[in-house]
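Letters A, B, ... mirror the listed sequences (proteins, then strands); counts begin at 1. A quick note: this is a predicted structure, and the numbers were derived from the prediction, not measured.
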Amino acid sequence: MSKEISKRYNPTETEPKWLKFWEKEGIYKYNPRAKGEVFSIDTPPPTVSGKMHIGHVYSYTHEDFIARYQKMAGRNVLFPFGTDDNGLPTERLVEKLKKVRASKMKRQDFIDLCNETLKEITPDFVADWKKIGMSCDFSRVYSTIDDDCRRTSQKFFIDLYKKQKVYRQDAPVVWCPHCQTAIAQAELEDKEAETYFNDIVFELPTNLPAGSKKNNLVIATTRPELLSSCVAIFVHPSDKRYRNLVGKKAQVPIFGNRVEIISDKKVDMKKGSGAVMCCTFGDKTDVEWFKEYKLTLAMSLDKAGRMTEKAKKYAGLSAKDARHEIIEDLKKKKLLIGQKKITHTLNVHERCKTEVEILNSEQWYVRVLDQKKKLIQLGEEIKWHPEFMQTRLGNWIKGLNWDWCISRQRFFGIPFPVWYCVKCGEAKMADEKDLPVDPLSANPKGKCEKCGGSKFIPEHDVMDTWATSSLSPVLALHLFYKEKDVEKMIPMNLRPQAHDIISTWLFYTVVRSNYHFEKIPWTEVMISGHVLDSAGRKMSKSLGNVVAPQEILEKYGADALRFWAAGRSLGQNINFSEEEIQAGKKFLTKLWNATRFVMMNINPRDLRANEKRIGTNSLYPTDKWILAELEVLVATATKSFENYDYSSSKLAIEKFFWLKLADNYIEIVKNRLYDESPKGKKGRESAQFTLYSVLFTLLRLLAPFIPFASEEIYQTFFKSAKCAKSIHLCGWPETDKKLADKEKIKTGKIIVEIVAAMRKHKAERGLSMKAELEKVEIFCDAMTKKAIQEIESDLKAVGNIRKINFIAKKNSKLRIAIQ
RNA sequence: GGGCGCGUAGCUCAGUUGGUUAGAGCAUCUGUCUUACAAACAGAGGGUCAGAGGUUCGAGUCCUCUCGCGCCCACCA
């Protein structure tokens with residue numbers, strides 16, 4: 001071995017080298033016809049959003065551990081890659097990068113700008129995924145806005161239409177006034193806010209039944225600006241205070257219109273005054289009442305969140321300003337008789353944190369509410385890792401209140417392949433062979449199927465990005481398979497993802513797979529947790545605790561980051577800790593040094609030539625011990641990986657390497673390696689053979705976690721004797737039951753115990769570990785004595801002991817006395 | 001209010017189907033230049049396993065309740 005091999009492993013120098021090598025050699029290319037059972041992964045296409053963040057590192061490395069393991073275990077791994085780059089997130093990014101506002105630009109100019117911007121930034125964005133060592137096949141990637149995805153997305157939309165699983169309806173929908181589009185239930189977030197509960201006086205008609213004391217009705221509301229939308233007042237049926245008012249009318253203050261007082265059990269008698277104004281629309285209950293009692297529609301807010309003509313003198317004001325003015329006016333008229341400060345939770349749009357409204361508008365919906373039972377059942381058919389994550393999907397489905405709204409009044413997305421007949425309004429779908437199509441620039445073929453009309457207007461809306469990414473199994477498979485073969489590959493083997501998008505991406509994919517293929521999209525899912533800051537708080541720009549993985553990569557390299565990411569079990573959140581990443585780097589140095597030391601004392605070619613002669617049978621008992629331990633390790637690591645439990649695998653490997661191999665075994669046998677005399681040949685060769693095979697096995701066990709360092713070590717020290725061109729093609733170690741010798745494991749425990757006793761003896765006396773020990777007395781039973789005698793020479797060497805005395809007695813526990 | 005997860009050494013976490021004296025890393029202290037590694041190595045101290053009941057010969061592990069933390073959902077008049 002050449003002397004210039006450095007003492008310290010330098011990841012930042014090494015990693016780019018192997019990245020290039022893997023790409024050049026096509027190590028991770030997928031070949032559908034290659035041998036081995038296919039293992040297909042529905043990789044999450046990251047949203048192109050500037051830069052990869054630390055949360056990406058965490059969950060993507062998890063799936064990479066599994067992909068690499070599966071590949072080494074002989075499966076033909078399909079590990080595709082794509083990017084999700086349309087819809088609101090992309091629009092927002094482009095607006096920010098290019099300092100433009102989509103709403104102030106010509107539609108087509110903005111779309112062109114989005115496409116250009118994506119072209120500029122995507123390569124750098126994807127490069128980060130390569131840098132962390134993802135073993136995806138990057139030679140073909142999809143983007144959810146590319147031609148093929150647009151075609152696929154539109155094709156499957158038409159499929160939904162034909163199957164009547166998608167419908168268009170003019171109805172109340174959750175609306176973001178900032179983004180000016182409808183959004184889906186899954187895109188809502190909670191936000192705590194302070195507001196006032198206002199007690200407002202509604203005048204009652206004068207012709208009240210005899211005995212009525214009051215001539216007005218007080219209603220508490222947080223949203224006085226919606227007074228002009230008030231279409232009814234609700235009270236509880238058993239509320240004695242208002243019983244005689246049911247069926248009567250009350251006058252809306254300021255606006256003067258009269259609304260009916262209705263009784264309904266949804267009213268909470270204890271809240272406010274017990275009487276509620278129903279506005280179209282203030283909240284979900286209003287929608288329910290609107291539908292149930294067929295109330296009139298009175299929308300006071302427009303799509304931009306400004307007051308409409310309905311609000312008369314307040315028209316044109318923002319909701320916030322209108323609230324202020326109305327309160328002032330009510331005060332003047334002495335119709336506001338109380339204000340109470342409260343904190344309540346309201347729904348905001350997750351993308352822009354704007355308070356959402358409910359507006360009536362025409363949207364496309366995918367049916368999900370009538371499928372709840374079936375969808376829950378499909379969720380149960382999938383095997384979940386960890387299991388408890390399945391409950392989250394079940395709970396989400398149970399709690400759904402709206403069908404899945406997929407239309408967005410936006411610009412950069414996949415258009416609906418739809419026109420509407422001017423005469424009868426019937427939707428007309430595009431011809432499949434014309435896809436992808438933009439209805440704004442193309443015309444439909446043929447006449448209206450319903451009325452025979454020949455004039456059409458195009459659909460302006462685009463689809464929500466989830467409506468395309470929910471087809472990711474198809475998008476990914478289509479990179480490598482012909483369209484007609486795609487369905488045969490479903491269900492895929494694995495969907496990996498983080499827990500935050502169970503109610504969106506995971507759920508929607510199940511919905512689509514059910515409608516299009518009538519089966520689950522994958523047989524197993526693995527769900528990763530999140531990365532929190534070192535104090536366990538969410539990372540956010542406002543807290544200033546965001547960690548950029550790019551800096552960590554530069555400082556410690558990808559392997560150290562990956563090693564850190566493997567440290568917590570699947571599904572658990574992890575706190576970011578630079579110390580733990582440092583520990584990973586230390587592990588790499590230690591591994592490098594241990595290998596370097598071993599290989600300085602071994603000539604792999606000689607070893608190979610003498611392999612048969614040395615064999616495993618004639619090995620020293622100490623050597624059989626470490627091989628037995630290694631067998632246990634391989635079995636554990638394999639079992640854990642098969643169960644997606646990479647963290648147990650990593651922990652076991654780490655402990656074996658550091659505690660058993662480096663701290664003990666190598667220390668014990670190094671004396672045999674140094675002995676170059678003819679007499680020491682047998683012992684030397686036995687240790688060499690053992691060390692070489694242990695390290696090569698260990699290296700393969702570690703390869704999924706630290707692909708760069710394991711490759712560097714393989715290429716530097718092992719490749720001449722082994723044939724594969726990369727460690728990642730060397731295969732997963734096989735277990736060899738012959739070596740799993742339980743007796744030798746017991747012997748090993750005894751060795752470690754005796755060595756520890758000698759070390760303690762020397763440490764307590766401040767002696768060098770090399771210091772000679774005159775005599776060591778061992779109290780034990782006859783069986784143990786026999787076992788120790790087999791390894792006596794190794795023990796004497798490592799402890800520099802002159803003499804070992806045995807005091808063997810029946811049932812005597814092992815005890816060591818040192819002089 | 002409902003669901004899920006978590007609570008083990010100063011910190012971050014392991015702890016298989018219940019079974020010897022509850023483990024590791026980091027941190028702390030002490031020692032050692034030892035022909036892989038001083039950014040190393042060896043050793044030490046440090047735990048009522050959140051709390052209370054229960055099942056059991058035996059509970060960190062199983063059951064019930066309580067408390068604390070986190071996430072998701074609901075409530076938003």
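Nucleotides A22(B) and G46(B) are separated by 14 Å at their C1' atoms, to the nearest Å. Only the P atoms considered, G19(B) is 11 Å distant from C62(B), to the nearest whole Å. Going from the C1' atom of U17(B) to that of A59(B) covers 14 Å, rounded to whole Å. Taking the P atom of each, U34(B) and C29(B) are spaced 24 Å apart, rounded to whole Å. Distance noted for atom P between G7(B) and C13(B): 9 Å (whole Å). For the C1' atoms, the distance from G15(B) to G60(B) is 8 Å, rounded to whole Å. Using atom C1' as the reference point in both A50(B) and U32(B), the two lie 41 Å apart (nearest Å). The C1' atoms of A14(B) and C49(B) are separated by 13 Å, rounded to the nearest whole Å.
The ring of Tyr692(A) has its center closer than 6.0 angstrom to the ring center of Phe718(A). If you look at Phe705(A) and Phe587(A), their ring centroids are not closer than 6.0 Å.
Across every strand in view, C71(B) sits in a pair with G3(B) that passes the Watson-Crick or G-U test at under 3.5 angstrom. Across every strand in view, C76(B) sits unpaired, with no contact that passes the Watson-Crick or G-U test at under 3.5 angstrom. In this entry A52(B) has U64(B) as its Watson-Crick or G-U wobble partner, both defining distances falling under 3.5 Å. In this structure, U35(B) forms no base pair with any nucleotide, since neither Watson-Crick nor G-U wobble geometry is met with both distances under 3.5 Å. Remark: A14(B) base-pairs with no nucleotide in the shown strands. Criterion, Watson-Crick or G-U wobble with two distances under 3.5 Å. Pair assignment for A9(B): none, as no Watson-Crick or G-U wobble contacts are both less than 3.5 Å. Across all strands shown, C29(B) forms a Watson-Crick or G-U wobble pair, both distances under 3.5 Å, with G43(B).
Nucleotide G3(B) holds its C1' atom 13 Å from the CD1 atom of Ile502(A), rounded to whole Å. Asn593(A) has its CG atom 15 Å from the C1' atom of U34(B), to the nearest Å. Distance CZ (Phe657(A)) to P (A36(B)): 14 Å, rounded to an integer number of Å. Between the CZ atom of Arg392(A) and the P atom of G70(B) there is a distance of 15 Å, given to the nearest Å. Asn573(A) has its CG atom 14 Å from the P atom of U12(B), to the nearest Å. Regarding Met769(A), its CE atom lies at a distance of 10 Å from the P atom of C33(B), rounded to whole Å. One can place CH2 of Trp396(A) at 6 Å from P of C73(B), the figure rounded to the nearest angstrom. Computed from coordinates, the Phe197(A) CZ to A77(B) P distance equals 5 Å when rounded to whole Å.
At distances below 3.5 Å, not a single donor-acceptor pair connects side-chain atoms of Asp675(A) with backbone N or O atoms of Arg672(A). Of the possible polar contacts, none joining the Lys271(A) side chain to the Val276(A) backbone as a donor-acceptor pair under 3.5 Å is found.
The shortest distance between the side-chain N/O atoms of Lys7(A) and the OP1/OP2 oxygens of C37(B) is below 4.0 Å. Considering only side-chain N and O atoms, Lys650(A) lies nowhere under 4.0 angstrom from the phosphate OP1 or OP2 of A14(B).
Both Leu346(A) and Asn664(A) sit near RNA chain B, but only Asn664(A) has its closest nucleotide nearer the 5' end. Judged by closest nucleotide on RNA chain B, Ser534(A) is the one of Ser534(A) and Lys670(A) placed further toward the 5' end.
In the interface, the side chain of Lys590(A) is paired with the base of C37(B) through a donor and an acceptor atom under 3.5 Å apart. On a pure distance criterion of 3.5 Å, no polar donor-acceptor pair joins the side chain of Glu764(A) and the base of A42(B). Taking 3.5 Å as the limit, the base of C75(B) and the side chain of Thr345(A) contain a donor-acceptor pair of atoms between them.
Residue side chain Phe597(A) fails the stacking definition with respect to C37(B), as its ring centre and the base's six-membered ring centre are not both under 5.5 angstrom apart and under 30 degrees in plane angle.
Using modelled atom types and a 3.5 Å distance limit, the side chains of Arg596(A) and Asn593(A) yield a donor-acceptor pair.
The number of heavy-atom neighbours closer than 6.0 Å to CZ of Phe197(A), taken from other residues, nucleotides and ligands shown, is above 12. Sparse packing is recorded around NZ of Lys746(A), with 12 or fewer heavy atoms of other residues, nucleotides or ligands lying under 6.0 Å away.
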